[in-house]
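Notes to accompany the following structure.
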Amino acid sequence: MHIGQSVAIITDAGNPVGKAVALHFASLGATLALVDNNEVELKKTLQSCRKISDTSAAFFLQCYDETSIQTLFQQVSERFGAVNILLNTWTGTEIPHLLSPTSITDFNNIMQNSAASFFIFGKIAAKFMQHQPHQSVIINLALSHENYHPHAPTTSKTVVSGLTQNWANELADFNIRVGGIVPINLQDKSYDQHAIVNVPMQDEIARNVEYIVRNDSFSGRMLESEIGV
């Protein structure tokens, strides 16, 4: 896929990773629809992107419910004529231990706040993309402070990997590819999310997003963005 002729929706565009991908794609000539529920950080990303290219717009979503996301895609489609790329970010924490006193409440919060919006973005994107005559791509990004070991079956890695494979199989007949990325800190200790997504990691993720978009045969697989080697 030619990035310079594409319209990309970047979710969580106000966070460091979303901003890094947005700036990278702006430098490649893509038209960007920047989305976040943090209006202040979203505006900062928009200002930075517009220093590179004026083909960017910000869409502030106060709530990531189905109606709001449906309206977002409609607005982007009407304004730019298409939706070719979705960067769909999972920012959930790990599923709580079963015997934790607050495990049920914590689990419900994760499902409502992280899993639901992640799934809705994927569903609405597929609904819009399936009617387009050209190839489209959904890139699922698993961000979690638990991703510090390449062999650890963390919730974010497991959920995003499973959904990526399932969606790729389901959407192949509609010429929609689905790929995934998980950041990994290979140093032998845990880091918080800010350490995992430092500048080298942001650049690595942005390059991996570009690789998936450009590689027309990449679908149903995950890439690991690694630092600390």
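A quick note: this is a predicted structure, and the numbers were derived from the prediction, not measured. Computed from heavy atoms alone, side chains included, the values below leave out hydrogens, waters and symmetry copies.
Judged purely by atom type and a 3.5 angstrom limit, Ser77 has no side-chain atom pairing as donor or acceptor with the backbone of Phe73. Formation of a donor-acceptor pair under 3.5 Å by the Arg79 side chain with backbone atoms of Ala33 is not found in this model. In this structure, the side chain of Thr164 does not engage the main chain of Arg221 through any donor-acceptor pair within 3.5 Å. Thr11 places a side-chain N or O within donor-acceptor distance of the main-chain N or O of Leu87, the cut-off being under 3.5 Å. Between the side chain of Ser53 and the main chain of Thr55, a donor-acceptor pair closer than 3.5 Å is present. Here the side chain of Asn215 pairs no donor or acceptor atom with the backbone of Tyr211 at under 3.5 angstrom. A donor-acceptor pair is defined here as one N or O able to donate and one able to accept, closer than 3.5 Å; no such pair exists between the side chain of Asp12 and the backbone of Asp36. No donor-acceptor distance shorter than 3.5 angstrom exists from the side chain of Glu224 to the backbone of Ile181, with no hydrogens or angles considered. In this structure, the side chain of His97 does not engage the main chain of Leu99 through any donor-acceptor pair within 3.5 Å. Looking at Arg207, its side chain never comes within 3.5 Å of a backbone N or O of His24 through a donor-acceptor pair.
Nearest approach of Thr45 to Ala13, heavy atoms of both residues: OG1-O, 2.8 Å. Of all heavy-atom pairs between Ile138 and Ala125, the closest is CD1-CB, 4.2 Å. Shortest non-hydrogen contact noted between Ala22 and Leu34 is CB-CD2, 3.7 Å. A pairwise comparison of heavy atoms in Val178 and Ser219 identifies N-OG, 3.2 Å as the closest pair. The two residues Arg50 and Ser56 come nearest to each other via the heavy atoms NH2-O, 3.0 Å. When all heavy atoms are compared, the tightest approach of Met129 to Ile176 is CB-CD1, 3.6 Å.
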Inset, instruction - Mind running side chain to side chain contact (heavy atoms under 4.5 Å, CB included) on Trp167 and Phe119 for me, showing each step along the way? - result: CA-CA 10 Å; Trp167 293 358; Phe119 192 89; 3.8 Å; yes
Side chain to side chain contact (heavy atoms under 4.5 Å, CB included) between Phe60 and Val35, intermediate numbers included = CA-CA 6 Å; Phe60 169 65; Val35 182; over 6 Å; no
Derivation and outcome, side chain to side chain contact (heavy atoms under 4.5 Å, CB included), residues Val83 and Ser136: CA-CA 8 Å; Val83 177; Ser136 304; over 6 Å; no
Criterion side chain to side chain contact (heavy atoms under 4.5 Å, CB included) on Val40 and Leu42, from CA distance to verdict: CA-CA 5 Å; Val40 173; Leu42 178 61; over 6 Å; no
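With hydrophobic clusters built from ILVMFWY side chains whose heavy atoms lie under 4.5 angstrom apart, Leu171 shares a cluster with Val160. Following chains of ILVMFWY side-chain contacts shorter than 4.5 Å, one cannot reach Leu32 starting from Leu23, and the two form parts of different hydrophobic clusters.
The shortest distance between side-chain heavy atoms of Asp216 and Gln135 falls below 4.5 Å. Two residues are said to be in side-chain contact when any heavy atoms from C-beta on lie closer than 4.5 Å; Asp106 and Asn108 fail this criterion. Side-chain atoms of Thr89 and Val17, non-hydrogen and from C-beta on, never get closer than 4.5 Å to each other. Side-chain atoms of Val137 and Ile212, non-hydrogen and from C-beta on, do get closer than 4.5 Å to each other. Contact annotation: the side chain of Ile85 approaches that of Met1 to within less than 4.5 Å [non-hydrogen atoms, C-beta and beyond]. Looking at heavy atoms from C-beta onward, Phe25 lies in side-chain contact with Val213 at the 4.5 angstrom threshold. Annotation: side chain of Leu72 is in contact with side chain of Leu61 (closest heavy-atom distance under 4.5 Å). Within the 4.5 Å cutoff, side-chain heavy atoms of Val7 are placed close to those of Val76.
At a cut-off of 3.5 Å, with distance as the only test, a side-chain donor of Asp65 or Ser68 sits close to an acceptor on the other residue. No side-chain donor from either of His134 and Asn175 sits under 3.5 Å from a side-chain acceptor of the other. A donor and an acceptor atom, one from each side chain of Gln70 and Glu66, are nowhere located under 3.5 Å apart.
Every residue meeting the ring-ring contact (aromatic ring centres under 6.0 Å, His included) condition with Phe121, not counting sequence neighbours, appears here in chain and number order: Tyr64.
In this structure, Leu141 CG and Ile205 CD1 are separated by 5.5 Å, a value rounded to the nearest 0.5 Å. Rounding to the nearest 0.5 Å gives a distance of 9.5 Å between CD1 of Ile52 and CG of Leu28. For the atom pair Gln74 CD and Ile124 CD1, the distance stands at 10.5 Å (nearest 0.5 Å). Considering CH2 of Trp90 and CG of Leu163, their distance stands at 8.0 Å, rounded to 0.5 Å. Between the CZ atom of Arg177 and the CZ atom of Phe218 there is a distance of 8.5 Å, given to the nearest 0.5 Å. A distance of 10.5 Å separates CG of Leu98 from CZ of Phe107, quoted to the nearest 0.5 Å.
Applying the side chain to side chain donor-acceptor pair (under 3.5 Å) definition to pairs two or more places apart or across chains, none involves residues 116-127.
Environment of NE2 in His131: crowded, with over 12 heavy atoms of neighbouring residues, nucleotides or ligands closer than 6.0 Å. When the shell of 6.0 Å around CD of Glu170 is examined, it contains 12 or fewer heavy atoms from other residues, nucleotides or ligands.
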